[in-house]
2 protein chains.
Amino acid sequence: MSRLDTAADPQPVDRRQRRRDAKLATIVAEAWDLARRDYGLTGISLRDVAERVDLRQPSLYAYFDSKLALYDAMFADGYRQLLEQVVQLPQVDDPREALVRFVEFCVRFSSDDVVRHQLLFQRTIPGFEPSPESYALALEFFAIGRQKLAAVGVTDPDGADLFTGIVAGFAAQQVANDPGGDRWVRQSRRAIEMFLADIDRHTKSRKASR
Amino acid sequence: MSRLDTAADPQPVDRRQRRRDAKLATIVAEAWDLARRDYGLTGISLRDVAERVDLRQPSLYAYFDSKLALYDAMFADGYRQLLEQVVQLPQVDDPREALVRFVEFCVRFSSDDVVRHQLLFQRTIPGFEPSPESYALALEFFAIGRQKLAAVGVTDPDGADLFTGIVAGFAAQQVANDPGGDRWVRQSRRAIEMFLADIDRHTKSRKASR
DNA sequence: GTCTATACATCGATAGAC
DNA sequence: GTCTATCGATGTATAGAC
């Protein structure tokens, strides 16, 4: 929590915590790998995950209270990956071009990992609800999307729904019909230009009626 | 198979077959109901399904070779519902208006039954692949979509991908964020008009460069 | 924290009698 | 076709040694 105890006690708690966090990260990573390779998200078994990280199944309970808690950690991990990559997007001055790049990135991100897309954007696991802490990461991402939208002048709910519908659809189609490919990534620019033309049309017609 | 044996034996095979088909339909209907009510698609258990149709769990294997075979029957059933409703859409002369109505119907169809949408349009069940016979029904539906697209002059793959991306996204958002509602159904007209405007723009620019 | 051992409930699936 | 009985695998969870 702080560095007040480092003088008398050279970071033993931090060390343990770091080891624990590293093991947690390993477990989550191996769970992703299992889900990707064979079984899908609901197909992974805690016994298999434990074996991958050189633990017995009951020992996983030292890290996760339940299988759903593991899913929650994976959910948070996925959104951390997403946020980490979003902030690394190259800065673009033109907000319209920035929106295009943002959408291309989102669709590509989904295409890169099908099971990750399923966990983050589809609600496919029975009984799973992200914890408030994990969902806060999702909200953080959505806020970035809203901000990019606002930068091109879209602040009304209908316009936002139109936008999210396009992005969700391109990601879904990319994952379902061309996983790992770029068939809908390539159409993203055209889609957003189409969307922006529609925004312009609506803005003009509203101005004209005033 | 044939009617050669009906003289001596008044349709006993047909009768049995009809009873069997009726029972099959009941099983599928109850499976849908269970998936909708509580558990989701992967959450239904064969024991619960069997109980609903007054059978013991192993007796279901007289009708389905496996749980995946039950999913396959549900998949086919869902596409039959879709096709049945599509052909009942009121005839509209203007192909652009017809396309709008078609998309509104598709999004509403998804909104009407979330688990049906998941089985038909998302690939969420580990290990499930529709059989060729069931998938033929899906292809039949896709052909109708292509035909409606061709009627407004869209025959190129890019335009088709743009279209399917929009429809898939609106359906997905409707199901995920407003199940049973009409938030994205209401935006469908605007989305398709936006799409058609983009088609016009591309057609013009191609003409101009000739 | 990690282990062994164990328990319980549920699940898909199979064998074999009728 | 339907049943009873049973199997192996699974998720969940706990007790207790180290």
Side-chain angles (χ1 to χ4, degrees), chain A residues 11-28 30-32 34-35 37-75 119 124-129 131, chain B residues 12-28 30-32 34-35 37-75 115 119 124-129 131:
Chain A
Q11 314 169 4
V13 177
D14 285 2
R15 271 221 154 80
R16 263 176 217 157
Q17 189 62 37
R18 212 168 290 178
R19 273 198 177 283
R20 187 185 163 81
D21 289 347
K23 191 82 177 180
L24 272 167
T26 309
I27 295 170
V28 169
E30 292 296 332
W32 279 126
L34 274 175
R37 283 188 191 284
D38 313 293
Y39 313 108
L41 275 171
T42 60
I44 59 177
S45 86
L46 294 185
R47 281 174 176 84
D48 287 345
V49 174
E51 191 185 5
R52 287 281 206 109
V53 296
D54 291 313
L55 284 180
R56 307 293 171 158
Q57 172 257 334
S59 303
L60 281 182
Y61 282 79
Y63 297 94
F64 299 102
D65 289 340
S66 70
K67 195 182 186 182
L68 290 181
L70 173 58
Y71 286 133
D72 192 56
M74 295 169 76
F75 182 90
L119 183 60
T124 178
I125 298 177
F128 172 65
E129 284 277 324
S131 63
Chain B
V13 176
D14 285 4
R15 270 222 154 80
R16 262 175 217 155
Q17 189 61 37
R18 210 169 288 179
R19 274 199 175 281
R20 188 186 162 81
D21 288 347
K23 191 82 176 179
L24 273 166
T26 310
I27 295 170
V28 169
E30 292 296 333
W32 278 127
L34 274 174
R37 284 187 191 285
D38 313 293
Y39 312 109
L41 274 172
T42 60
I44 60 177
S45 82
L46 294 185
R47 278 172 177 83
D48 287 346
V49 175
E51 192 185 4
R52 289 281 205 109
V53 296
D54 291 314
L55 284 178
R56 306 293 171 158
Q57 174 255 332
S59 303
L60 282 182
Y61 283 79
Y63 297 94
F64 299 101
D65 288 340
S66 70
K67 196 183 186 183
L68 291 180
L70 172 58
Y71 286 132
D72 191 56
M74 296 170 76
F75 182 89
V115 294
L119 182 60
T124 177
I125 298 178
F128 172 65
E129 284 277 326
S131 64

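Each chain gets a letter, A, B and so on, in the order the sequences are listed, and its residues count up from 1.
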K.L.:
Look at all strands and tell whether Ile44(B) reaches a base, only sugar-phosphate, or nothing, counting heavy atoms closer than 4.0 Å.
P.N.:
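Here Ile44(B) touches the backbone only, sparing every base.
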K.L.:
Report which part of the nucleic acid Tyr61(B) touches: base, sugar-phosphate, or nothing (heavy-atom distance under 4.0 Å, all strands).
P.N.:
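Base contact.
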K.L.:
Roughly, in whole Å, what's the span from CZ in Arg56(B) to C1' in dT6(D)?
P.N.:
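Value for this atom pair: 16 Å.
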K.L.:
Expressed as a whole number of angstroms, how long is the span from Leu60(B):CG to dT2(D):P?
P.N.:
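Checked: the CG to P distance equals 10 Å.
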K.L.:
Grab the CG-C1' distance between Asp65(B) and dA15(C) for me, whole Å please.
P.N.:
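The answer, rounded to whole Å, is 16 Å.
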K.L.:
For Asp48(A) and dT12(D), give me the distance from atom CG to atom P, rounded to whole Å.
P.N.:
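Rounded to the whole Å, the gap is 13 Å.
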K.L.:
Expressed as a whole number of angstroms, how long is the span from Arg16(B):CZ to dT2(D):P?
P.N.:
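Nearest whole value for this atom pair: 13 Å.
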K.L.:
Which of these nucleotides, dG12(C), dT12(D), dC3(C), is closest to any side-chain atom of Leu46(B)?
P.N.:
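Of dG12(C), dT12(D), dC3(C), dG12(C) is nearest to the side chain of Leu46(B).
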K.L.:
Please tell me if the side chains of Val49(B) and Arg52(B) come closer than 4.5 Å, counting only heavy atoms from C-beta onward.
P.N.:
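Counting from C-beta outward, Val49(B) and Arg52(B) never come under 4.5 Å.
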K.L.:
Calculate the interatomic distance between Tyr63(B) atom OH and dG12(C) atom C1'; express it in whole Å.
P.N.:
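So the OH-C1' distance, Tyr63(B) to dG12(C), works out to 19 Å.
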K.L.:
Run the side chain to side chain contact (heavy atoms under 4.5 Å, CB included) test on Thr26(B) and Tyr63(B) for me, step by step, so that the C-alpha distance in whole Å, both residues' side-chain angles and the decisive distance to 0.1 Å come before the verdict.
P.N.:
CA-CA 11 Å; Thr26(B) 310; Tyr63(B) 297 94; over 6 Å; no
K.L.:
Check this one for me: any side-chain N or O of Ser45(B) less than 4.0 Å away from OP1 or OP2 of dT10(C)?
P.N.:
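For dT10(C), OP1/OP2 do not have a side-chain N/O of Ser45(B) under 4.0 Å.
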K.L.:
Among dT4(C), dG12(C), dA15(C), which is the nearest nucleotide to the side chain of Pro58(B)?
P.N.:
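The nucleotide sitting nearest to the side chain is dA15(C).
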K.L.:
Just the rounded figure in Å: distance from C1' of dG1(D) to CZ of Arg19(B).
P.N.:
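Going from CZ in Arg19(B) over to C1' in dG1(D) covers 13 Å.
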K.L.:
So, does Tyr71(B) use its side chain to make a donor-acceptor pair with the main chain of Leu119(B) at under 3.5 Å?
P.N.:
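No.
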K.L.:
Atom CZ of Arg47(A) and atom C1' of dT6(C): how far apart are they, to the nearest Å?
P.N.:
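Arg47(A) atom CZ is separated from dT6(C) atom C1' by 11 Å.
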K.L.:
Could you tell me whether the side chain of Leu46(A) reaches within less than 4.5 Å of the side chain of Phe64(A), counting heavy atoms only?
P.N.:
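Result no, sub-4.5 Å side-chain heavy-atom pair not found.
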K.L.:
Any side-chain N or O of Ser59(A) less than 4.0 Å from the OP1 or OP2 oxygen of dG1(C)?
P.N.:
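It does not, given that no N or O in the side chain of Ser59(A) lies less than 4.0 Å from OP1 or OP2 of dG1(C).
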